[in-house]
Amino acid sequence: MDDVSPELVALLSGLGLCLGLIISIGAQNAIVLRQGLRREHVGLVVLVCVVSDAILQTLGVAGVATLVSAHPWLETFARWAGAAFIVGFAIVSARRAWRGGGSLQAAGDEKTTDAATPGTVLTRPRAAARTATLLTILAVTWLNPHAIVETTVVLGSVAATHGDERWFFLAGGIAGSTLWFVVFGYGARYLAPLLRTERAWRILDGGIAAIMLVIAVTLVLG
């Protein structure tokens, strides 16, 4: 382990933490899954998620790092605050894994029935559907305080503890979110049968809890 470079440690830490935070049942992932199952506007949704995450992570790493540089005591605070949040996240994931009840269902096709002509199914124009999808994914990404706190404050705080290697942490985080959204969006059609089962999400939540605990311990130990 002594031969492992701090750059690689920061990169893997960013990758693991980002994946641990992002792979959870939420509005953003629900939309990505839904569009992936429909094979509809997948590229648009994935692009918005990837670019938005990269922007938020960069703001978090750059902003928090600037504060830490100006006030060195914030590094210790960021370390413990980040560890506390990650442990809390791990506990929630572990509880979901123990209790179960988690599954991710895609919404059905959006269709309406013409009242004047019973039995006639109408579909929204493609342009209107694309606009609606774009506005929806932007809203759940940029108007979700919890997601923004995770992406900027938590990732930024943990990145600040890596010092000059924080940009490798950022690279790992962006790589993690990009990997997840691309695989999840375009692979949803293949993953759907597994992701719809409670057992799969219990296993996934258990794995997330374990990863989060490891990151929290390494964060506290420096």
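Predicted model, so just to flag it, every value in this text is computed and none were measured.
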Chemist: How long is the gap from CG on Leu15 to CD1 on Ile174, to the nearest 0.5 Å?
Modeler: 12.0 Å

Chemist: Between Phe181 and Val45, is a side-chain contact (heavy atoms from CB on, under 4.5 Å) present by the stated rule, with each step listed?
Modeler: CA-CA 9 Å; Phe181 285 123; Val45 170; over 6 Å; no

Chemist: Take Tyr186 and Val42 through the test side-chain contact (heavy atoms from CB on, under 4.5 Å) and record every step on the way to the result.
Modeler: CA-CA 7 Å; Tyr186 288 99; Val42 180; 3.9 Å; yes

Chemist: Distance from Ile55 atom CD1 to Thr152 atom OG1, nearest 0.5 Å?
Modeler: 13.0 Å

Chemist: If the condition is side-chain hydrogen bond (donor to acceptor under 3.5 Å, both in side chains), which residues does Ser52 pass it with, not counting sequence neighbours?
Modeler: Trp142

Chemist: As a quick check of understanding, evaluate side-chain contact (heavy atoms from CB on, under 4.5 Å) for Leu155 and Leu56, giving each step before the final call.
Modeler: CA-CA 10 Å; Leu155 287 174; Leu56 289 172; over 6 Å; no

Chemist: Quick one: pull up CD in Glu7 and CD in Glu165 and give me the separation to the nearest 0.5 Å.
Modeler: 5.0 Å

Chemist: Just so I know, are the side chains of Val61 and Trp167 near enough to count as touching, which here means a heavy-atom distance under 4.5 Å?
Modeler: yes

Chemist: What pair of heavy atoms forms the shortest contact from Ser177 to Ile22, and how long is it?
Modeler: CB-CD1, 3.9 Å

Chemist: Please answer whether the main-chain N or O of Thr151 pairs with a side-chain N or O of Gln57 as donor and acceptor at a distance below 3.5 Å.
Modeler: no

Chemist: Are the side chain of Thr161 and the backbone of Val158 linked by a donor-acceptor contact shorter than 3.5 Å?
Modeler: yes

Chemist: State the CZ-CZ distance between Arg202 and Arg99, to the nearest 0.5 angstrom.
Modeler: 11.5 Å

Chemist: Closer than 3.5 angstrom, by distance alone: can the side chain of Arg166 be matched with the main-chain N or O of Gly163 as a donor-acceptor pair?
Modeler: yes

Chemist: Test your reading of the model: is there a side-chain donor-acceptor pair from Ser13 to the backbone of Val9, 3.5 Å cut-off?
Modeler: no

Chemist: Would you indicate whether the side-chain heavy atoms of Ser5 and Leu8 approach each other to under 4.5 Å?
Modeler: yes

